[in-house]
Amino acid sequence: MQRFKEKSVRYFFMVCGLLSIVILFGIFYLLLNSSFPAISKVGIKAFFAEGYWNPTAFSGPQYSIWNLIKGTFMVGAGSLIIAVPLGVACAAYLAEIASTREREIFKPIIEILAGIPSVVLGFFGLVVVAPLLSRLFNIPTGINALNGSILVGIMALPTVITIAEDAISSVPQNYKHASLALGATRWQTLRKVILPAALSGIIAASMLGMGRAIGETMTVLMATGNALANPSSFLDSVRTLSANIAIEMGEVPMGSVHFHSLFFVGLVLFLITFVINLIADLIFQHYREGA
Amino acid sequence: MIIADKPQKNSELPQEIKVKEQPRIVTKLSQKAKSSNVVQQKTKVKAEALSFYYGPTRALTDISFDIIANEVTALIGPSGCGKTTFLRIINRMNDLILGSRVEGKVSIDGKDIYESSVDVVELRRRVGLVFQQPNPFPKSIYENVAYGPRIHGIKKRAILDEIVEKSLTQAALWDEVKDRLKEFGLSLSGGQQQRLCIARVLAVRPEIILMDEPTSALDPVATQRIEDLIRTLASDYTIIIVTHNMQQAARISDTTAFFLLGELVEWGKTSQIFTRPRDSKTEEYITGRFG
Amino acid sequence: MLTKEENHHRRNVSEKFAFLSLRLSLFLVMFILGVILYDITAKGIGVLSWDFITKMPKTGMTEGGIFPAIVGTLYVTVLAALLAVPLGVASAIFLNEYATQGKITRLIRISLRNLAGVPSIVFGLFGVALFVQIMGFRASLLAAGLTLGLLTLPVTVTAAEEALKTVPKSFREGGLALGATKWQMIRTLVLPPAFPGMLTGVILGLARAAGETAPILFTGAAFFLPFLPNSPFSQFMALPYHLFIMATQHHNISAVRPIAYGTAFVLLAMVFLLNLGAIILRYRYRKRFQR
């Protein structure tokens, strides 16, 4: 009787543990399933062909997600250009230079930054950063890819800092000591020994930051302007995959081709972030075993 | 015995080994069969051709060994010799180690404890284990002792009270803690914590008590108290103790077994092991030439 | 060729300069955070009044309070917790206490990490497909709460596992050695000491859930409702969504800017209080079992 109970308890926990696999596959399956009507009507080719996203056009709706992908990667890359150098610098400082006291003060503050809801960041972009950019570049509105990149960069910062710091601190102490013993300064040691040794971890951190940036919705929705045109610079308004779903999902008739094509957009977004996260994960495992 | 077929050197014992009230004996070693002088008493635990593996590594090789009821049996040997492994086989705590495997037979009162019908939980109730580091639970002193009886279904407060008092008295701790049973077990001193852990084991009425270097973390005074306690308990329980401390083995045990590199080199009456070891390795170890 | 002193001097200067720039990047991040918090607080706190947080919106949401949005956010967060906490804790128990390091465990961990990287808008789509359509909950508190719950699941599992890892192995062994079954051991010796840590993680997860907008956009959040939700199947207003509406969708955006700031401030305050509570809790219990 007791043995039976023990076994059932074990199975109960196992089922709960397995649920995360089910959910991940469930997400993939439902996205695929719900986008299937759109795929069969529109065709994969038309989705990825160069052109415009205009499903509601009276004559000949267009379903090209070309510009959306372009916008997504612009904001993703732009935010990384901001978040990675700044984040790695902060991480290096916290891991190698800061005193214990400084670390105890700054780390919770960085957690606070991580806790700011993305909609608040978007709001900040709208009311503070946009006017600033408009004055700085002398453009009518500061709501564009640059604004989105800045805010998403800020949003990705805590992720980059935390993981890069982890990677830098896990560089074995004897590397550091060996370098210092050879007469290298702390800065030389940091630059030539520690950072290269932590490189794969830093790359993993950047990938995860990228994953977050690409998947981010509210901030870009509020700060990038969401124009469907083909963007030519960071001062142009762009629309990302995620923003596109957020804007149109609430207004499409359920069951229409348009509705299902939004699921296809979601599927593409899911796959992009999935691959990025998987790569980050592989790099991670690699450096965990290496260290 | 593996060693028996090897030629042995005759040598003399140095003088610093003290054995319970016995005069120093300088003697010649013989190559006679090893445990012939064990008087036929009731065997409580019997190991027959026992080997133990952690994955591919063999930790114990072909151990055959009788442990007599109501005696103190000391297991001695250098670190990593398998004495703790042997101890943990007797209440199957080694089952928790992944990829471990037992060959041969271990029986208690003639019953194989590795048979599939054996209830491990019940076995562990009958065979208590005291750990090297005192490990009181994060509960009150009272709840620490009442833990075992509670999980075995005793709910009546009066009975629990009685068990707690009796167990603490047996563990020579009652007088020190009777006025503060509600305090945290961790608030006690190291020696008191260890006696609390012994009381915790006594509370489930075991037949055999295993002790894994129970005094190695304690100061000499606390050690003395635990040793006295072990001698007292020996009249009611079969006690098997792993110790690093040769004097301790000599002071408290009736039988001593010497382990080396996963093999049982020799075992016999403590007085005989410490005065007339049959094997040169035993002699070298107890005279402090290695280990 | 430089002399020894010159070389030494140059190295010192470059090190100082480098460390200073690293430090400045950290200060830059702190400055950005400061500006965001200052702007929201300075312009939001003036709007705050008892009426603002306890009254319904009036005259097309240009006046009045944000009470229904606060209530809606609380409801949906609690619903998310009801799903995520039991499931997350159970998964963590499986991973940390029962699972062996095999393929399945690896797969679960990979799934969890990838689940954590799935964009929130994709969770929104999943919620639409599963809860709104397939399960027929319509756009409702229940659908949104469950969607948010799934989103929080990876955070909860990770936090619960961290908490379980802080419980010393000696508690587990001590319990098993007394004849406790595995589940008895977990229930009585592992979960109670892990509880504060779990609570910390759960609060952090909920703080994140409370600030999320994208997953609730199409699963139940409403633009405006003249009444409070009265069943799990009603739609609801939520703080982050309300902020989004006030910032970008309202017909008179400049007139409602103060309300938007007030909403942003209340949302931030709510998230920070939760974070702060979690940090304090963690700090208080961090060193409990270290000896």
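So you know, we letter chains A, B, ... as the sequences are listed, proteins then strands, and number each from 1. Side chains are part of it too, since the values below use all heavy atoms of this structure and drop only hydrogens, waters and symmetry mates.
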Under a 4.5 Å cutoff for heavy-atom pairs, which residue among C:Lys16, C:Lys43, C:Met30 has the most contacts with chain A?
C:Met30

Please answer whether the main-chain N or O of A:Arg186 pairs with a side-chain N or O of C:Glu15 as donor and acceptor at a distance below 3.5 Å.
yes

Where does C:Ser14 contact chain A at under 4.5 Å (heavy atoms): side chain, backbone, both or neither?
both

Tell me, side chain or backbone of C:Ala260 under 4.5 Å from chain A's heavy atoms, or both, or neither?
both

Taking every non-hydrogen atom, the tightest pair across C:Gly211 and A:Val119:
O-CG1, 4.3 Å

A:Ser34, part contacting chain C, at a heavy-atom distance under 4.5 Å:
side chain

Would you mind telling me which of C:Leu276, C:Leu268, C:Ile104, C:Asn275 has the largest number of heavy-atom pairs within less than 4.5 Å of chain A?
C:Leu268

Might you point out which heavy atoms bring A:Phe12 and C:Ala90 nearest each other, and give the distance in Å?
CE2-CB, 4.3 Å

So, do A:Leu18 and C:Phe94 sit near enough that their side-chain heavy atoms are less than 4.5 Å apart?
no

Give, as side chain, backbone, both or neither, the part of C:Ile36 having an atom under 4.5 angstrom from any heavy atom of chain A.
both

Heavy atoms, side chains only, cut-off 4.5 Å: are C:Ser25 and A:Tyr93 in contact?
no

Name the option with the most non-hydrogen atom pairs under 4.5 Å to chain A; the candidates are C:Asp39, C:Leu217, C:Ile40.
C:Asp39

Check C:Val122 against A:Gly266 and note the closest heavy-atom contact, atom names and distance.
CG2-O, 3.9 Å

Checking A:Ser242 side chain against C:Ile121 main chain: does a donor-acceptor pair fall under 3.5 Å?
no

How about A:Val127 and C:Tyr261: do any of their side-chain heavy atoms sit closer than 4.5 Å?
yes

Looking at chain A, which one of C:Leu239, C:Leu24, C:Ile186, C:Leu107 has the largest number of heavy-atom pairs inside 4.5 Å, strictly under?
C:Leu107

Are side-chain heavy atoms of A:Leu113 and C:Ile32 found at a separation under 4.5 Å?
no

Pick one of side chain, backbone, both or neither for A:Ile214, based on which atoms fall under 4.5 Å of a heavy atom in chain C.
neither

Decide yes or no for C:Val128 and A:Met249: does some side-chain heavy atom of the first lie under 4.5 Å from some side-chain heavy atom of the second?
yes

Using the side-chain contact (heavy atoms from CB on, under 4.5 Å) rule, take A:Leu278 and C:Ile110 through it: C-alpha gap first, then chi angles, then the decisive distance, then the call.
CA-CA 8 Å; A:Leu278 211 60; C:Ile110 291 176; 4.3 Å; yes

Full working for side-chain contact (heavy atoms from CB on, under 4.5 Å) between C:Ser91 and A:Leu19
CA-CA 8 Å; C:Ser91 303; A:Leu19 216 55; 5.7 Å; no

Side-chain contact test, heavy atoms from C-beta onward, threshold under 4.5 Å: evaluate it for A:Phe106 versus C:Phe27 and give yes or no.
yes

With only heavy atoms counted, which part of A:Ile109 is less than 4.5 Å from chain C, the side chain, the backbone, both or neither?
both

Walk me through it: do A:Phe124 and C:Val35 pass the test side-chain contact (heavy atoms from CB on, under 4.5 Å)?
CA-CA 10 Å; A:Phe124 180 78; C:Val35 170; 3.7 Å; yes

Which pair of heavy atoms, one from C:Leu26 and one from A:Cys90, lies closest together, and at what distance?
CA-SG, 3.5 Å

Checking C:Ala207 against chain A: side chain, backbone, both or neither under 4.5 Å from a heavy atom?
neither

Look at A:Glu96, A:Met222, A:Lys5 and state which one has the largest set of heavy-atom pairs under 4.5 Å with chain C.
A:Met222

Contacting moiety of A:Val128, where chain C heavy atoms sit under 4.5 Å:
side chain

Does atom CZ of C:Arg109 have more than 12 heavy-atom neighbours from other groups under 6.0 Å away?
yes

If one checks every heavy atom of A:Tyr29 against chain C at 4.5 Å, the contacting part turns out to be neither

Separation between CG (C:Leu33) and CG (A:Leu157), nearest 0.5 Å, reads 10.5 Å

Is it the backbone or the side chain of C:Phe272 that comes under 4.5 Å from a heavy atom of chain A, or both, or neither?
side chain

Between chain A and each of C:Val29, C:Ile134, C:Ile279, C:Leu274, count heavy-atom pairs under 4.5 Å; write down the option with the most.
C:Val29

Max heavy-atom pair count under 4.5 Å with chain C, selected residue of A:Leu121, A:Leu262, A:Leu221
A:Leu221

If I measure from the heavy atoms of chain C, does A:Ile154 come under 4.5 Å with its side chain, its backbone, both, or neither?
side chain

What about A:Phe13 and C:Trp183, are their ring centers closer than 6.0 Å?
yes

Can we say C:Arg23 and A:Glu102 salt-bridge, meaning some charged N sits less than 4.0 Å from an Asp/Glu carboxylate O?
yes

A:Ile21 portion near chain C, given a 4.5 angstrom heavy-atom threshold:
both

pair A:Ile27-C:Leu115: side-chain heavy atoms closer than 4.5 Å:
yes

What residue, out of A:Leu267, A:Val265, A:Leu241, A:Ile112, has the most heavy-atom pairs lying under 4.5 Å from chain C?
A:Ile112

Side chains of A:Phe123 and C:Thr263: closer than 4.5 Å at any heavy-atom pair?
no

Say you draw a straight line from CG of C:Leu87 to SG of A:Cys16; how long is it, rounded to the nearest 0.5 Å?
5.0 Å

Looking only at heavy atoms, what is the nearest atom pair of C:Ile108 and A:Ser20, with distance?
CG2-OG, 3.6 Å

Please look at A:Leu31 and chain C and tell me whether the side chain, the backbone, both or neither of the residue comes under 4.5 angstrom of a heavy atom of that chain.
side chain

Using a 4.5 angstrom heavy-atom cutoff, name the option from A:Glu111, A:Glu216, A:Arg212 with the most pairs to chain C.
A:Glu111

Residues A:Thr273 and C:Pro119: closest non-hydrogen pair is OG1-CD, 3.4 Å

Please identify, among A:Gln188, A:Met254, A:Arg10, A:Glu6, the residue contributing the most non-hydrogen atom pairs under 4.5 Å to chain C.
A:Glu6

Could you tell me which portion of C:Gln184 (side chain, backbone, both or neither) has an atom closer than 4.5 angstrom to a non-hydrogen atom of chain A?
both

Take A:Leu24 and C:Val118, measure what side-chain contact (heavy atoms from CB on, under 4.5 Å) needs, and give me the verdict at the end.
CA-CA 9 Å; A:Leu24 190 66; C:Val118 170; 4.1 Å; yes

Measure the spacing between OG1 of A:Thr217 and CZ of C:Phe244 and express it to the nearest 0.5 Å.
10.5 Å

